[in-house]
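Let me begin by presenting the structure, written as structure tokens, before commenting on it.
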Amino acid sequence: MRLPPLSYRDSRSSWTKNTGTDTMELQAVLMAAGGGSRMTDLTYNTPKPMLPVGNKPLMWYPLNLLERVGFEEVIVITTKEVQKMMSTDSKMKRDIKMKMEVVCVPEDGDMGTADALRHIQQKIKTDILVVSCDLITDVALHEVVDLFRAHNATLAMLMSKAHEFTETVPGQKGKKRTAEQRDFVGVDESGKRLLFMANEADLEDGLSVRKSIIRKHPRMHIKTGLVDAHLYCLKKAVVDFLTENKSISSIRGELVPYLVRKQFSKTTNSQKVKEDLEDQTQKKNDCSTNHELLISSRDEPLLQLAQERSCWNDHRGDMSEAYHGGKLRCYVHIMEQGLCYRVNTLAAYIEANRQAPKLFEEPPVHPSAIISERCQVGSDSIIGERCQIAEKTSIKRSTIGISSNVKEKVKVTNSIVMHSVTIEEGCNIQGSVICSNAIIGRGADLKYCLVGNGQRIEPEAPCASLWLTQIRVSAVCVRVCVCVFVFFYVCVRACACVCVHYIDGEVREHGQNRTTRNSTAAACSHTHTHTHTRTLLTREHSHAPFVLSFHTTVAKLILSNRFLHTKTCLCGWNTALCHHLFWISTAERTNEVIVGTDQLMEI
Amino acid sequence: MCNSFAFYHFAAVFLSLNYLLHGNEKKGDIERAKNEGKELTKEEKQRLRKEKKQQKKSKEKKDDKAIQESGKETKGDSSAVSAPQPSTQSTAQKAVPAPVSVPAPEAPTPAEKPPKSKAELKAERRARQEAERASKQSKKGDPGPQGAVSKSKAATNELQPVVKRLPEHIQVDNPDVLKKLAKKLERQQIPLRLDYGYKVSLFSHLHQYSRKAPLTQQLSIPSTVIHPAIVRLGLQYSQGIVAGSNARSIALLHAFKQVIRDYTTPPNEELSRDLVNRLKPYISFLNQCRPLSASMGNAIKYVKKEISNIPSQCKEEEAKRKLLFCIEWYIKEKIILAAKAIAESSIEKISDGDVILIYGCSSLVNHILCEALEKNRKFRVIVVDSRPRLEGREALRRLVQRGISCTYVLISAVSYILPEVSKVFLGAHALLANGYVMSRVGTSQIALVAKAFNVPVLVCCETYKFCERVQTDSFVSNELDDPDDLIVTRNGQTHLEHWQQEPPLGLLNLVYDVTPPDFVDLVITELGMIPCTSVPVVLRVKNVDQ
């Protein structure tokens, strides 16, 4: 965090140069240690911060945002793995001129964002701006920071209208997720002051608002449909508070709600301190872990005087002074328009890839890409470095990653192809995500598929709505192809029969896997292919096993694992396999218990 | 139009202070007469009024001022020539009197000296000033009409020397000045804030900013050029979070304290010089966030003087300590204690049973009323308010909270409420050297109506708000607030929302106006109660003190 020792090579008068870091206005902190637990299929091999979006690592976007507005240095909190990748990524170094100070946190430890802040507490000298690595936005950052500045706020954060992801997502159910927890955000009449915050998950029966808020802000607007961008301006005092109060481990989950709540608690309202002493001392006791220490700035009385003399008030309708005399204030800037994505789900990832080109001015086709003249590349597509695009190929609304090789007569639409992917002749890829190093065999027809890292799709494979990730059963040459077209025909071609025994082994292996990786959703997803059809879906939701018998020779096992609810869907053609199916479901059940979901399979 | 208006500025603003300081008891009259004389030659529109004043002037002729008067008479005559047909008065005729006015003052000035032999030094000095002004006027007078027709380069060149004396912030319609300002800001690394929207014609020479486009959007985050305390303050100014002369000054000094604390002298530099230079860009930044108030101007002047007074051999820590102390002292002495002293003397003026009318939200007046309540005076307050800021509500809140019984009316009802009022207490943004009171727009109207109802008008003002500027109208130097503030949303309907799209429509959100001393019975300062006309005396004493 040291600046170069007072340098005056630059004649420009900059107060920071004289004063060192102690009085810098804001320090930027990038949180890039998250595992991406909601998109484990993508992050199995590539850590989330390094996922390519528009051929740039995801963390480039927040870094670029910071750099664009004028930050000269940033503290990056990340894992060893990412750090290694960052140091090898020459492109990133070229793009980001900011001074980055990388701090590693242990990978497996359960470290929340607030823990991470506590971890770097020594480096924090002033107020901080915390950004998550999965934020892609074109927000005018000064809007947030100005709220922080003008109101001398303790917390200023960014929220955005939630986006509807309209694109079909590989493996995603066609229905809108009901499991999503809504946030209720209460703001005052100006729409800036953050008064209230609650998550649907925390509400047992109905929304209750404390009287102290209502008394002070009788007209509160409660908004839903907002996404927290995970961008926070925090006073230094909050970091100090965190070091004292070790029970808080996450910023979004615990610290922010705490601060929002604290705005209206009595201890922060200096006027009402005149309570009986007992109460006081009692409060003091738990106040040692409390907030009063926080909110004070230099020359407090003078500032108070200026506020007293000012004829401004933030509210009207009651008899109290501006801010109701409270010192702790939280503000939120809500983006009504513009880009703001948090890339934490597959759907958001796909959408972000589509929107990302709007954020940078670079030409969509990298100059070092070799593109045949006789192919069509839409202007809405991005072609990465050293790509080779052969003749008669058409690429529309897609991203082709670095060093990928697209052979002749390939049609890529609405897809994301990551780095070093080879797509052989005559493939037709639509609405799919193909992870790095995958090889798509000749004439494969992929629709709404997700192909995992390093996978190999055999020639002529028609796959639809499929997740091909981490199929370990290499011995049996699994080319699992499940067709979506639910109603009465399941197209299974070139499929070696997936032996139940193998899957049995697989399940067990996956169980071990889980314990080592210690991540919940990751447990199942990278083990199996799964698919959803409309019928399957409805059946699944009723938590019933699903057995399809059409034929007598091939059995198919699909394990779906969305939303941490492990659900087993079996479609078979042989009633004789029922025994095995039973067996599997039991295994699955044990898994589930470990996973900790509450939905148990019945079969 | 523009040029003739610039002309007008000149007349109104640059009556030199010296003249005022040496004036006798008739000073006020003379000066007004002079102003009016100037207006005669320039503001042809108000022909009838002029004539009337002309007669008045010729009546109060004195041998001491004979020459001056004759000069004016000739002016008057010249205008009177064209006076007979006011109906035919058109823009074309505007150009006519201006050139006439040029020879008029020039002719008498050479003749001034021989008969002046018996006059004292004072008169001579005045004559010299008169001559100077006349020559400048002639310089300016020429390009005036020319410029109106076509802006030749020669004209703008000739304008230059005069232009230099006009502050930048009232010449926004002059592209040369704007260019210069832009250059200066570039040098200081301060972004230039762009004017917003269409301006009402008479006010095109003033800045008009939009609150929605704060200067910070062009600044880097974190700000490296400007100290964070200053950035914060600028934002608070432009958003109106810190509003009111006193609050703004205190907040400014508070920010300066932080700047000084964080300051370290670069090697090979002297604190007294470097720090002043350091403050300059900050001040121009603040000035763009919202034009500086007179009180802030005085505070800045004081801080700068204190900094430059620091001897070069003084150690940095020591110097900083000294400066911080000085700033503390200034706040305590000039603002807090002054308010106390003013409260004490004005309480004498509040007697039991009084009905006091106040306007807007003056922190000083509020303070006085609260003090009076504590002294157990029985009185009632009428709070008059006006759109768009509705600051009166805040005053009302503060008074009612203290338990003072209040009535709240809008300014449109002021003539209705005045019969029951026994005293009018007004705050001030600044007191000008000619005794005019600059205050929140509407104050002048209140004072006028109060005068009509024979209600005494008392202005409360700390002396640190006294300003050496001279101004007789609210046009020349004023402030335009965000015109969007005038947009009203009522019952879910927003009127004037797209006012920018209506070319003939202009919104004017004026911040200040000036009240002539005629309407003010008394000014209460910490030095005591004085008439408005004594402002120059106070200023002179202050100058001697410092």
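Every heavy atom of this structure was used, including side-chain atoms; hydrogens, water molecules and symmetry mates were not. Residue numbers start from 1 in every chain, and the chains themselves are labelled A, B, ... in the order their sequence lines are given, proteins ahead of strands.
Rounding to the nearest 0.5 Å gives a distance of 9.0 Å between NE2 of A:His151 and CG of B:Leu235. Once rounded to the nearest 0.5 Å, the distance linking CZ of B:Arg402 with CE of A:Met319 reads 11.0 Å. One distance of note links CD of B:Glu391 with SG of A:Cys311; it measures 4.0 Å at 0.5 Å rounding. Here the CD-NE2 distance, from A:Gln307 to B:His254, works out to 11.5 Å after rounding to the nearest 0.5 Å. Between the CG atom in A:Leu302 and the CD atom in B:Gln258 there is a gap of 9.5 Å [rounded to 0.5 Å]. Between atom CZ of residue B:Arg397 and atom OG of residue A:Ser320 there is a gap of 6.5 Å, rounded to the nearest 0.5 Å.
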For this session: Could you please spell out the steps behind the side-chain contact (heavy atoms from CB on, under 4.5 Å) verdict for B:Asn246 and A:Leu305?
Result: CA-CA 10 Å; B:Asn246 280 334; A:Leu305 184 69; over 6 Å; no
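Atom CZ of A:Arg316 sits in a sparse spot, with 12 or fewer heavy atoms from other residues, nucleotides or ligands closer than 6.0 Å. Counting non-hydrogen atoms of neighbouring residues, nucleotides and ligands closer than 6.0 angstrom, the CD atom of B:Glu186 reaches no more than 12 such neighbours. For B:Arg211, the CZ atom counts as densely surrounded, since its 6.0 Å shell holds more than 12 non-hydrogen atoms of other residues, nucleotides or ligands.
Of the atoms belonging to B:Arg389, not a single heavy atom falls under 4.5 Å from chain A. Using a 4.5 Å cut-off between heavy atoms, A:Ala140 does not touch chain B at all. Looking at A:Asp318, the atoms closer than 4.5 Å to chain B (heavy atoms on both sides) all sit in the backbone: N, CA, C or O. For a residue to count as touching a neighbouring chain, one of its non-hydrogen atoms must lie under 4.5 Å from one of that chain's; by this rule B:Ile336 touches chain A with the side chain only. There is no contact between B:Leu252 and chain A, counting heavy-atom distances below 4.5 Å. Contact annotation for B:Arg393: only side-chain heavy atoms (C-beta onward) come within less than 4.5 Å of a heavy atom of chain A.
Scanning all heavy atoms of the two residues, the minimum distance from B:Ser220 to A:Gly70 falls at CB-CA, 4.0 Å. Closest approach of A:His142 and B:Pro214 over heavy atoms only: CE1-CG, 4.0 Å. A pairwise comparison of heavy atoms in A:Glu25 and B:Ser223 identifies OE1-N, 2.8 Å as the closest pair. Smallest separation of non-hydrogen atoms from B:Ile241 and A:Trp312: O-CB, 3.2 Å.
Side-chain contact between A:Val145 and B:Thr216 is absent, with no heavy-atom pair separated by less than 4.5 Å. At a threshold of 4.5 Å between non-hydrogen side-chain atoms, the residues B:Asn366 and A:Arg309 do not count as touching. Looking only at side-chain heavy atoms (C-beta outward), B:Val231 and A:Arg149 come within less than 4.5 Å of each other. Taking the side chain as every heavy atom from C-beta outward, B:Gln217 and A:Glu143 never approach each other to under 4.5 Å. Between A:Leu303 and B:Ile250, every side-chain heavy-atom pair lies at or beyond the 4.5 Å cut-off.
When the candidates B:Pro222, B:Ser363, B:Ala247 are compared by the number of heavy-atom contacts under 4.5 Å with chain A, B:Pro222 comes out ahead. The candidate with the highest count of non-hydrogen atom pairs below 4.5 Å against chain A, out of B:Gly244, B:Cys361, B:Ala395, is B:Cys361.
Of the candidates A:Asp146, A:Leu141, A:Leu66, B:Ile221 forms a side-chain contact (heavy atoms from CB on, under 4.5 Å) with just one, namely A:Leu141.
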